[in-house]
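As structure tokens, the structure follows; a few thoughts come after it.
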Amino acid sequence: MGNRVAGKVALVTGAARGQGRAHAVRLAEEGADIIAVDVCAPLPSVYYDSATPEDLAETVAQVEKLDRRVISGIVDTRDLGKLTVIVDDGVARLGRLDVVVANAGICVPAAWDQQTPQMYEDVISTNVTGTWNTVMAGAPHLVTAGGGSVILISSAAGLKVQPFMVPYTTSKFAVRGMAKAFAAELGKHAIRVNSVHPTGVNTPMGTGGMQQAIDEAMAGNDRLGPMFMNMLPVQTTQPEDIADTVLFLASDESKYMTAHELAPDAGNTEF
């Protein structure tokens, strides 16, 4: 337990499990109160298991064990109206908002000619529109607070191509650009905006038929397989590893960092 974000309130999307839960718990460990939201329902087009209301309740329980206040809400981040209602209510009850972690996202791997219009639409609407909605719901409260930190979770695929994921790579480059664009305009309010670019993370996104889908796509073009390789001798990272980067960006330790990409990627994007 520490105090690196003591007195702050953080909004985390996709908070029911995986990276989102890790971000919420790590920020709570360091003194933040949390607004935790997740769709808690079957995700469109994906091969892996979806989060449940019970998953979100477990995140809430873990934050409460740390003696931090937490407010949760079930919402699809693609619905700006409902998301705004939940965020506004959370801010009213917790008193302020200082940190926005736009983490919710999906990935649907397939060879380029197996990607359907529905897959493309689902990935872009969730990863790009959902992220934009999260900033639009949260940023006005950061302006009111006199500053803050917005953290957009992108991917190694937002710095370097990840094969067999055209819509996903497209979305994660968009999130990277979105961070820079928001950073430019929100800077006058002392609000920093940065993007985070992990390599593979051990989360439920890797469950179900996910690996099979990647293997099937790679079977038709196996030369591209090494593009997933990390420079450091690790296959994957843990959600808590990425949460350390999020905590740094949420804290005053990064007070002069904005419009940047931080890549806890084991060297993937330089390899």
[atom1] ([X]) with more than 12 external heavy atoms under 6.0 Å:
X      : atom1 : result
Gln238 : CD    : yes
Glu64  : CD    : yes
Glu270 : CD    : no
Phe228 : CZ    : yes
Lys160 : NZ    : yes
Met231 : CE    : yes

Let me confirm one number: the [atom1]-[atom2] distance from [X] to [Y], rounded to the nearest 0.5 Å.
X      : Y      : atom1 : atom2 : result
Asp67  : Asp33  : CG    : CG    : 10.5 Å
Thr236 : Asn202 : OG1   : CG    : 5.5 Å
Met1   : Leu66  : CE    : CG    : 5.0 Å
Ile124 : Ile106 : CD1   : CD1   : 9.5 Å
Asp241 : Asp265 : CG    : CG    : 12.0 Å
Leu142 : Asp98  : CG    : CG    : 6.5 Å

Determine whether [X] and [Y] make a side-chain contact, defined as any pair of heavy atoms from C-beta on separated by less than 4.5 Å.
X      : Y      : result
Leu159 : Arg176 : yes
Val108 : Asp122 : no
His197 : Thr269 : no
Thr134 : Leu11  : yes
His141 : Asp88  : yes
Cys107 : Met210 : yes
Met165 : Ile214 : yes
His260 : Ser254 : no

Does [X] share a hydrophobic cluster with [Y], counting links as ILVMFWY side-chain heavy atoms below 4.5 Å and allowing steps through other members?
X      : Y      : answer
Val193 : Val196 : no
Ile71  : Val75  : yes
Tyr168 : Val175 : no
Val150 : Val87  : yes
Leu27  : Leu152 : no

Please confirm whether the backbone N or O of [Y] pairs with a side-chain atom of [X], one donor and one acceptor, at under 3.5 Å?
X      : Y      : result
Asn103 : Gln19  : no
Arg26  : Asp244 : no
Thr59  : Ala15  : yes
Asn230 : Leu232 : no
Thr199 : Pro264 : no
Arg68  : Gly31  : yes

Does Val128 form a side-chain contact (heavy atoms from CB on, under 4.5 Å) with Met178? I'd like the steps, not just the answer. CA-CA 9 Å; Val128 183; Met178 191 189 303; 3.9 Å; yes

For the pair Val246 and Val99, evaluate side-chain contact (heavy atoms from CB on, under 4.5 Å) and give the outcome as yes or no after the intermediate values. CA-CA 10 Å; Val246 169; Val99 178; 5.9 Å; no

Between [X] and [Y], what is the shortest heavy-atom contact and its length?
X      : Y      : value
Asp79  : Asn133 : N-ND2, 4.0 Å
Pro204 : Gly18  : CD-CA, 4.1 Å
Ala156 : Gln162 : CB-NE2, 3.9 Å
Ala16  : Arg21  : O-NH2, 2.9 Å
Ala110 : Tyr47  : CB-OH, 4.2 Å
Gln114 : Met119 : O-SD, 3.9 Å

Salt bridge (charged side-chain N to carboxylate O under 4.0 Å, His left out) for Glu261 and Lys180? Distances and angles first, verdict last. CA-CA 9 Å; Glu261 305 93 344; Lys180 292 179 181 296; 3.1 Å; yes

Thr126 and Leu43: CA distance, side-chain angles, deciding distance, side-chain contact (heavy atoms from CB on, under 4.5 Å) verdict: CA-CA 9 Å; Thr126 302; Leu43 297 166; 5.8 Å; no

Could you go step by step and tell me if Phe164 and Asn221 meet the side-chain contact (heavy atoms from CB on, under 4.5 Å) rule? CA-CA 9 Å; Phe164 318 121; Asn221 196 354; 4.0 Å; yes

[X] with [Y]: basic N within carboxylate O range, under 4.0 Å:
X     : Y      : value
Asp76 : Lys82  : no
Lys8  : Asp252 : yes
Arg4  : Glu29  : no

With sequence neighbours excluded, tell me which residues meet side chain to side chain donor-acceptor pair (under 3.5 Å) with Asn3. none

Got a sec, which residues hit side chain to side chain donor-acceptor pair (under 3.5 Å) with Thr131, two or more places apart in sequence or on another chain? none

Any chance the side chains of Ser125 and Arg78 put a donor and an acceptor closer than 3.5 Å? yes

